[in-house]
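Inspection log for the structure reproduced underneath, given as structure tokens.
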Amino acid sequence: MTALATGTPPGVAPTRRPVALRVAPPLVGYAVVAAVLLATGTPALDLARFTGYALFGVLLPGTLVYRALRARPHTLVEDLAVGAAVGLVLELTGWAVFTGLGVPHLLWLWPLAVVTPFVAVPRLRRHWRVTGYTPVPAGWAWSLTAVVAGFTWYLAESFLRPNPVLPTSEGQAQYIDLAFQLSLAGAATHQMPPEVPQVAGEPLHYHWFGFAHLAAASLVSGVDLPTVFFRLAVPALCALAAVLVAVVGWRVSGRAYVGVGAAALMFTVGEFGYENGIRQLFGTQATFIVWGSPSMTYSWVLLLPLVAALADVVGRARGSAVPPLGRGSAVPPLGRGAWALAALFLAASTGAKASSVPVALGALGFTALVLLVVRRRVSRALLGAIGLTLAAQFFATAVLFRFVSHGVTVDPFSGLRPYVPTSGSATGLFWVAVTVAFLLNLQLRLAGVLALVGVRRGRLEPVQLLLLGGALAGPAIYLLVGHPGSSNQYFVRAGFAFGVILSAWGYAEVLDRAALSPRARVALAAGAAGLALLCTVVQLRHPATAEAGTAYGPVLPLLRWAVALAVVATVLGLLWPALVGGWPALAGRGAAVLLTGVLVAGAPGLVLDAAAARRFPNGGAYAVVPMPASRVEAARWVHRHSDPDDVLATNVHCRVVTDGWCDARSFWLSGYAERAVLVEGWSFAPRMVGRPGGAYAPFWDPERLAANDAAFTAPTAARLTALRDRYGVRWLVLDRSVTPEPPALADLADERFRNDRMSVYRLR
């Protein structure tokens, strides 16, 4: 974090380094990611194919288009990072066209539609080779490489190692959502728009764009979809998101090290005190969400450049270039292309994650409100951006989600309510304590925002208001709405894209006031690393446990840890005058020391989460399910021997059965077979989410379910014919451990596959 104060002096261009030194950081970063993937069982050929797809199927066309849209170049790394995000938007369009036309196997041709004009049209050829880039400081590049490498290590321990591409034993445990998400990507390999894979023909009113990306990655690269899903896509998206935080932070603030500091806050510092024996506090788990919900990471990749485009619009609304502040070299505005980029990223964000556009709208609305109150006017550009964002939200609500709420309701403070006793004279005090715990847990890394507001005495520029609005909108929506699966936490995650940049900006300004010498910066960095290491060791060796029997029990370890650190900070504050007397160089640096300590207090989160992966099944995710190798073997056989449009039927619907009630969260067949199933597990179908009964709610079409189950319990020629002709079923996948195999089935259908547990029949 202390690198934020080590930028190049104003007006002095960084010394151009030899090419070998300039390309070393990204090459080292790629080498680290590749080594981790190879060490966790990724085939080398698949890694090479995926790399080629990323370079030539996403990065190349996206970069060319970004160069054509932005006014003047800033840095090469910005062109490539934002270009990759543009490439993902273009990829989505290509996927929709080719899959909608029924030729997804030709999707590899879509980049030619973009690249060809840049070869054929003379005015576009200049974008192949660009000059005038601002050199990237070596410290910035290596710091960002360290962030990517560290987070990749975290992914290796928390996600890659616990999750083989294909299960290798009958006792394999898997986070419950992963097979469901894999099934959505499987549906997207041949359906546009994709349907609910577990209930054939059921419309999918959901944010499915990220799964279309996974499908496109598999189709274009030729890499098997489970390998893309369980190995390649998540590390690639996380690395891209980290780079985007860095380049967008630089662009918005005008300071290079604000960007890399924001990347560290987002991908190195985890949730404060989340571990301590308590997992999923406030519905979250360190940065678990990046692999437990890859659509969240995909949405960040689109939301971050959207922040840059909106910041350009807000800055231009003042008649000045973006950014209007900063000591470093000037960052050229995007120009008129900012509007095209905003439209592109808003359109893609509508179906990337339902939380992105509302938070962006909140950021713009907050900016307009403050400017209206303070300056008595709001520019047309800002109103235009609000209108564009409102149109995107309406499209998402009406077209993609069809006004389906997915269980989201207006339920203020529902995320905090479970930790507050329902009765007693001290209820108000408990509400205060739980609110403080929430802010510490999920918002402590944004402490630099308060510092920035204080340093500037509340007089923020419009760009800073935009970032502040997004940082506030995320947790505000979380506190306003409720969801039975804690999905309201995604609004907080969307707010991080705004908040970490503003927090790093505030930290940079505090360091400016401290005017640290090079030796002092090294000392502060060493102290920050020492504090992070000490906190990590203490929490690893002395994990706290929740107090059973009380609603507030889960938040007590976090509050105790916060009090312990506050006591240390208070003692240090009382001793500070004496320390300054002994070391005069400390004078005026207390705020920098305190803020550094606050920002790194959550640094143990990723280490603790990675360590927990060795102590809890599948990393201790919310809920795990058995994923026996025998089931997956049968599903993969069906994938290889069936047509994409074939419909399957199975006798497995329930994760568990409790008192005769079925927990219908079973997704293994549709996930690994990549085929639609007549009725598998129905709990995650959009029409079911939020219904009374939750995962145990009954299926809405008893006739279909009865016809499905009769094929496995009392098959007859007439029943199987009706299943084939009425519902389009072509394959029966039977788990003999769930229901016995009826002897008559062998005479009525053709057995094609059998192992110790599973049988697969093809209907005649």
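Looking only at atom types and distance, the side chain of E680 has no donor-acceptor partner in the side chain of T650 under 3.5 Å away. Residues T397 and Q393 have side chains that bring a donor and an acceptor to within less than 3.5 angstrom of each other. In this model, no donor atom of one side chain and acceptor atom of the other lie less than 3.5 Å apart for Q181 and Y175.
One finds the CG atom of D750 at 9.0 Å from the CH2 atom of W731 (value rounded to the nearest 0.5 Å). Remark: F211 CZ to L225 CG distance equals 11.0 Å, nearest 0.5 Å.
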Set out, in order, the CA-CA distance, both residues' side-chain angles and the distance that settles side-chain contact (heavy atoms from CB on, under 4.5 Å) for K353 and R493, then state yes or no.
CA-CA 11 Å; K353 200 72 173 177; R493 302 289 176 181; over 6 Å; no
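Taking the six-membered ring for Trp and thresholds of 30 and 60 degrees, F180 and F684 have ring planes more than 60 degrees apart, a perpendicular arrangement. The aromatic rings of F401 and H207 sit perpendicular, their planes meeting at an angle over 60°, well past the 30° parallel limit. Ring orientation note: the planes of W291 and F159 are close to parallel, at an angle under 30° on the 30°/60° scale. Using a 30° and 60° split on the angle between ring planes, H641 and W637 fall in the parallel class, below 30°. Ring planes of H213 and Y298: parallel class, angle under 30° (limits at 30 and 60°).
Using a 4.0 Å cut-off between charged nitrogen and carboxylate oxygen, E674 and R640 do not count as a salt-bridge pair.
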